[in-house]
Amino acid sequence: EPLTYDISRRPSNSVEEEPKRNKNKLVSLPSLQAIKQEASQFKMLTVSVKWQKKVFEGIEIDVSLPPYVFKAQLYDLTGVPPERQKIMVKGGLLKDDADWSSIGVKDGQKLMMMGTADEVVKAPEKAIVFAEDLPEEEQATNLGYSAGLVNLGNTCYMNSTVQCLKSVPELKSALSNYSLAGRSNDVDQTSHMLTVATRELFGDLDRSVNAVSPTQFWMVLRKKFPQFSQLQNGMHMQQDAEECWTQLLYTLSQSLKAPTSSEDSDAVKALFGVNLRSRVHCQESGEESSETESVYSLKCHISHEVNHLHEGLKHGLKGELEKTSPALGRTAVYLKESLIDSLPRYLTVQFVRFFWKRETNQKAKILRKVDYPLELDIYDLCSEELRKKLEAPRQKLRDEEGKKLGLQTKSSSKDGDVKMTDAEAPSNESGESSTAAQQEGASSSEKGTHMTGIYDLVSVLTHKGRSADSGHYVAWVKQESGKWIQYDDSYPSVQREEDITKLSGGGDWHMAYIIMYKARFVSM
Amino acid sequence: MAPGPDPNSVGDGAKRDEATTKVPSKEPKKKDDKKEEDLSEEDLQLKQNLELYVERAKDPNPELQKAALESMRQEIRASTSSMTSVPKPLKFLRPHYGTLKEFHKNMGESDLKKLLADILSVLALTMSAEGQRESLGYRLTGSEGDIGSWGHEYVRNLAGEIAEEYTVRQGEEASIEDLMDLVQQIVAFHMKHNAETEAVDLLMDVEDLDLLLEHVDRTNFRRTCNYLTSAAKYLPGPDDMLVLDIAYMIYIKFEEYPNALQIALFLDNMQYVKQVFTSCTDLLRKKQFCYMISRHGITFELDPEMVENDVDREMLQDIVNNTKLSEGYLTLARDIEVMEAKTPEDIYKAHLLDGRASSGPSADSARQNLAATFVNAFVNAGFGQDKLMTVPSDSTSGSAGNWLFKNKEHGKTSAAASLGMILLWDVDAGLTHLDKYFHSNDNPIIAGALLGVGIVNCGIKNDCDPALALLGEYIDKEDSSVRIGAIMGLGIAYAGSQNDQIRSSLSPVLNDAKAPLDVIAFAALSLGMIYVGSCNEEVAQSIIFALMDRSEAELGEALTRFLPLGLGLLYLGKQESVEATAEVSKTFNEKIRKYCDMTLLSCAYAGTGNVLKVQDLLAQCGEHLEKGDIHQGPAVLGLAMVAMSEELGLDMAIRSLERVLQYGEQNVRRAVPLALGLLCISNPKVTVMDTLSRLSHDTDSEVAMSAIVSLGLIGAGTNNARIAGMLRNLSSYYYKDASLLFCVRIAQGLVHMGKGLLTLSPFHSERLLLSPTALAGIVTLLHACLDMKSIILGKYHYVLYFLVLAMQPRMMLTVDENLKPISVPVRVGQAVDVVGQAGRPKTITGFQTHSTPVLLAAGERAELATDKYIPLSPILEGFIILKENPDYREE
């Protein structure tokens, strides 16, 4: 007669440590006592059961009772509930209601049991979201950098330029504000189209995972600047990336200068423009004049003395020119010395690596190695006024850095210095801030942040090869995450920061042609 | 490599004759006049004497004649003993060869005529024109005296002529009795004089190797058998079998049972295997035989005739069933101190690349997690512990469950099955770990659990048949992923077992009209594995019907390729036996016909080195086809399968594949890296490595994928630093391409498989034996790789687990008489080919001394560095039982 068998009253001779189980669980079974009594009257089989690494010897099976009873015996020994037990007999699993005689278990046979009382695996409540399931845009952001550009046939000059400029978020936002309505009348149709194409291309790059084909942009670019359509052997020729860069920026500055666009008159100029104040001096006549100009990039002239960017820049700001001297009434040599009057958010430096070589009739390249730093300080290239303006923010920056390095103790002793400059600073600021805001436009219009004259490298456009119209252009761009990505047309790849400074030339490796620095600000 | 044993030594002999006969034919005319003056006094004397003998030989007086001939013979014998140039007596007698010949012809039958015939036979050595075989002719009419008395060169020449004569007589169906007498003499002479190879060559030429048995003795049987087994590789069937038969008999005769067993296994002749057991009476040696059988991976049942005692038999059967493999492997792992579990990140070593590791992608990528699952499974294979799947799951976070669910849909199948790989060979623990997944309500997880059971039982047999018991009832379940899990699990667990019970449950699946294609494909494949190399007609019929029932559209599916493959596996290495089935396959739909044809051909001749088949397959690869034809892939793989058996053929195949790569069509190029991977599996040859490295950057992404996977295959289980570096760079190069990156990850997992303790090479026992199940596993994976995108990169990635069939520890583990591991010093070095070399040459070079257990790399051989023990098998691989040397004395 079936009884309710409380498993907690299990005989104490159980083997091994007590298996984990729910002690209050009740299993409906015939009483073990009853089984044993009956067993004596019928034929008994003795088997051994292997479970995990243990072997339970001499387990008796009463062949007149269904195998479920046998499983209950095993439950006692192993703690595995019968429904979780899998007992392997020749050719299959032991069914609860099978007939022992048909299974053919022999006396002394070894059986094997599989089963655990382990918890059954359950899926986590919060389903895991896989990258593959995300929409394409999110996959792109997931990677941490944007897509490459397909080379449409010698268009690496264009691709690398676009990649470098794309790294300027302010330019992107200015472009996104640009709309058809904002188009002023003095912007011609092609410039407008190019601006729109640029905006679209930047958008595509951000959205896509795979390389983008800049077909539309390229068409418009060639329409605007027919010189890029030059053919050679039926192919489009390699072009000078610097020309592409300059022309593109110029176009953008024209179209983004729309008067309707609210705060800043010229977004591009505000971002990239460098105001230079030059003193033109003629030694012969002693004439001296001063002029100002605005440029989008500084030139790093490469001569035999130049080993470092800084020297090149200095060199580039000094120049001789011949012009008619009104005093002498003839052409005379003038010395032109320029200093920076206002700083851009993004400082572009072009290495003047190419020069026209008459013998070979091509733009030849200077392979000289010119080192450039990841962090550029152009304080000594600035004009006096600008320097004064920069002093306070620079001091602040120094202090902050000092703090970071744990030099707090020292800063107290320097208090005097700080105060002195502090005292000076307000007067400067009050006097200049209004004009500065106008001059520099967006750059320091945000209240509280100030230029420091210190710049961080953000992108490098390199050239590999011996002449400007051949070889290969590649862009190396620092991402917001701090990773450097090399955009070799359609293949972006991650690079190490220390490898970026190795693009300084002196061999046949990629060498920097145009580099871009981003201003470091300090909030005060 | 030693000079290749040349079955065509007839040709060789002929060349030698040519050389010796041509030169003299010119010389006499030019130099005869001068010579007179140049000769030294001694030579002149000799010359005059000989001329006198020639003159006297023609004398009518028989006494005088006899004396002359005797002296002539004396002179010749005295000089032929060493031979670097034509001996003087022969040289001086040359002008008289014609006259003596003439004289001999006219002589009446007498002893003297025979004596003269003997002399002429020797003279013919240098004088006989090619193809005349005069030396032999005179020898047969001669006095039949001791053949060796004329010197070694004479015997060699004679052997060559016999071979020629034999062919001629075979053509004319003439009697060869007289020749065989001579052969007897020659063989006896060769065998006594360290020229076993020549004796064997001669006997092979006259097709009577049985004679060898009479002539081998303790001193030369090893060299003889060594030569026979090596020569077998270059012989066309069925001669190769014949030669090995003889070798087997010789080994049995001299009670060299391990070698005999090796050959029995090579011949796949269970009768012979049984005979080895019945001939040997020593229980300990029988244990060693069991280890050898278990390494070969065949199913073998011991009966009371082989081992009388029940207890002993059970213990021996346990060894055959591989139940101790896990233990031995872990002993090795502990000794080498690599028990610590490794994570996929430990393998990727991303920190060596750049700062990428720190800022990885934020969301889990299912593809990359799947790759990590496989890497984790391969790397920790057999160790019983890892850091993703076996970590104890605590109830709150349940990290084991966690990793499983970091795999998507069908990915969970591979993840659950990876437990089987981690606990490989340890059935008890494996089943315990897998149990919880059986109760899941998620079909892919159940499928993975089923597959995992199959994997954990791979190569292990058990009386309770746990795999069959557990998986059997899932074959006919509703969900096809569960069905595939069960079917594939059975295929892996019972590969080579020819289990009828499984056949009767799988065959109906094949011919079930309602079953989906993928289930049918895996059923065919599993049947092919279970009946690998059995030529079972019923299974063949089922698969053939299944193939015929497929619709046009289904024949275009990627998975359909498993049907012909399953069929091919039935005939793996069985050569002509495939012909009937190949004939039937010609009636198939043309979409699959050629594919089937190539697969059958390549499987049937796999590992045979059959040159004609290699040529057939090469011709197929060279054709330029229209698009859509896919049979060239298996043809390229077949090339590798056929040629992989011996070094020479292997090198030639590698060279041929380079050509194919340059001139072949795209679908051929895609298969070439895989073929290279098969040829050098777990044997990273630098040239192949370079080729694959180049191809891994190929513009065709499928070529690149195959190349990357193959880099993994050739480096499988080697931890090869160069390949690891290549793959690391590839992982950065293909960072953005999920498919290629997946392949790179898989390859990285393979290179560090079993933390470098495993090999995938199907060859073992000094590259003599080819494990059919291992080869079946690799070939299946390679066929799947032919369409990487739809199979491995699709939802059938778990076919990667077929590799488990080939996974074996590349170890040498010494055990004592109680089968407990003991450590002894051994020398491990590059194996040297000693075939056909006289004396006792060194068998390894550049060796280092280690203590066991040791790892053996491809092409390495071990030898005991102590006399304290005697190994019970001359082939020091796998488990080796050591017996104490009774004659050993401590110094």
Side-chain angles (χ1 to χ4, degrees), chain A residues 50-54 80 83-95 109-124 127-134 138-139 141-145 147-148 209-211 479 481-484 490-499, chain B residues 353-356 358-369 393 395 397-398 400-402 404-409 411-412 416 426-442 445 453 462-470 472-473 501 732-738:
Chain A
K50 194 172 181 209
W51 177 67
Q52 300 191 355
K53 303 266 171 187
K54 299 162 208 155
V80 180
E83 66 275 11
R84 293 282 302 266
Q85 291 179 10
K86 294 187 190 66
I87 297 158
M88 285 145 235
V89 288
K90 199 82 188 163
L93 291 180
L94 184 65
K95 298 268 183 340
Q109 191 168 334
K110 271 186 202 157
L111 298 180
M112 194 170 168
M113 180 182 124
M114 172 184 173
T116 54
D118 286 1
E119 212 179 319
V120 174
V121 284
K122 279 193 204 74
I128 290 165
V129 181
F130 294 107
E132 282 87 346
D133 299 336
L134 298 173
E138 283 183 52
Q139 284 189 35
T141 50
N142 207 18
L143 272 171
Y145 54 86
V209 181
N210 299 316
Q479 306 295 303
S481 59
K483 270 193 276 185
W484 278 93
S490 41
Y491 302 106
S493 58
V494 182
Q495 299 290 336
R496 282 182 288 201
E497 190 156 62
E498 57 261 41
D499 287 340
Chain B
L353 285 169
D354 37 47
R356 189 178 292 151
S358 52
S359 58
S362 50
D364 270 294
S365 157
R367 176 59 66 72
Q368 294 319 318
N369 281 1
S393 56
S395 50
S397 65
N402 262 352
L404 182 70
F405 291 104
K406 281 195 171 175
N407 290 278
K408 201 178 148 188
E409 295 158 22
K412 284 184 273 192
D426 188 351
V427 179
D428 298 316
L431 295 185
T432 308
H433 273 98
L434 284 162
D435 179 66
K436 54 182 176 289
Y437 298 143
F438 273 85
H439 304 281
S440 168
N441 48 12
D442 200 356
I445 298 183
V453 169
N462 191 311
D463 277 342
C464 298
D465 269 333
L468 180 56
L470 288 168
E473 57 188 57
Q501 201 186 337
S732 132
Y733 186 78
Y734 288 124
Y735 194 62
K736 258 193 126 174
D737 190 322

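In what follows, chains are A, B, ... by sequence order, proteins preceding strands, each numbered from 1.
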Worksheet item: What distance do B/D426 atom CG and A/K53 atom NZ have between them, rounded to the nearest 0.5 Å?
Response: 3.0 Å
Practice prompt. Could you have a look at B/K412, B/Q368, B/R367 and say which one has the most heavy-atom pairs with chain A under 4.5 angstrom?
Written response: B/R367
Worksheet item: Only one of A/E497, A/Q479, A/Q495 clears side-chain hydrogen bond (donor to acceptor under 3.5 Å, both in side chains) with A/W484; which?
Response: A/E497
Worksheet item: Is there a side-chain contact between A/I87 and A/W51, using heavy atoms and a 4.5 Å cut-off?
Response: no
Worksheet item: Heavy-atom distance under 4.5 Å to chain A: side chain of B/N441, backbone, both or neither?
Response: neither
Discussion item. Which atoms of A/A147 are under 4.5 Å from chain B, going by heavy atoms: the side chain, the backbone, both sets, or neither?
Written reply: both
Fill in: Option that, when pairs with chain A are counted at under 4.5 Å, heavy atom only, ranks first among B/D428, B/D435, B/L431, B/N369
B/D435
Worksheet item: When rounded to the nearest 0.5 angstrom, what is the spacing between CE in A/M113 and OG1 in B/T432?
Response: 9.0 Å
Item to complete: Pick one of side chain, backbone, both or neither for B/D442, based on which atoms fall under 4.5 Å of a heavy atom in chain A.
Response: neither
Practice prompt. Below 4.5 Å from any heavy atom of chain A, which atoms of B/D737 appear? Answer side chain, backbone, both or neither.
Written response: neither
Fill in: Per-residue contact mode, A/K50 against chain B (heavy atom under 4.5 angstrom)
side chain
Worksheet item: Can you say whether A/L111 sits under 4.5 Å from chain B via the side chain, the backbone, both, or neither, judging by heavy atoms?
Response: backbone
Discussion item. I'd like to know which of B/P466, B/G430, B/G472 tops the heavy-atom pair count under 4.5 Å against chain A.
Written reply: B/P466
Worksheet entry | Test side chain to side chain contact (heavy atoms under 4.5 Å, CB included) applied to B/L470 and A/M88, step by step | CA-CA 8 Å; B/L470 288 168; A/M88 285 145 235; 3.9 Å; yes
Worksheet entry | Gap between atom CE of A/M114 and atom CD of A/Q52 - 0.5 Å precision | 10.0 Å
Item to complete: Mind checking the OH-OG spacing from B/Y735 to A/S493? Nearest 0.5 Å is all I need.
Response: 12.0 Å
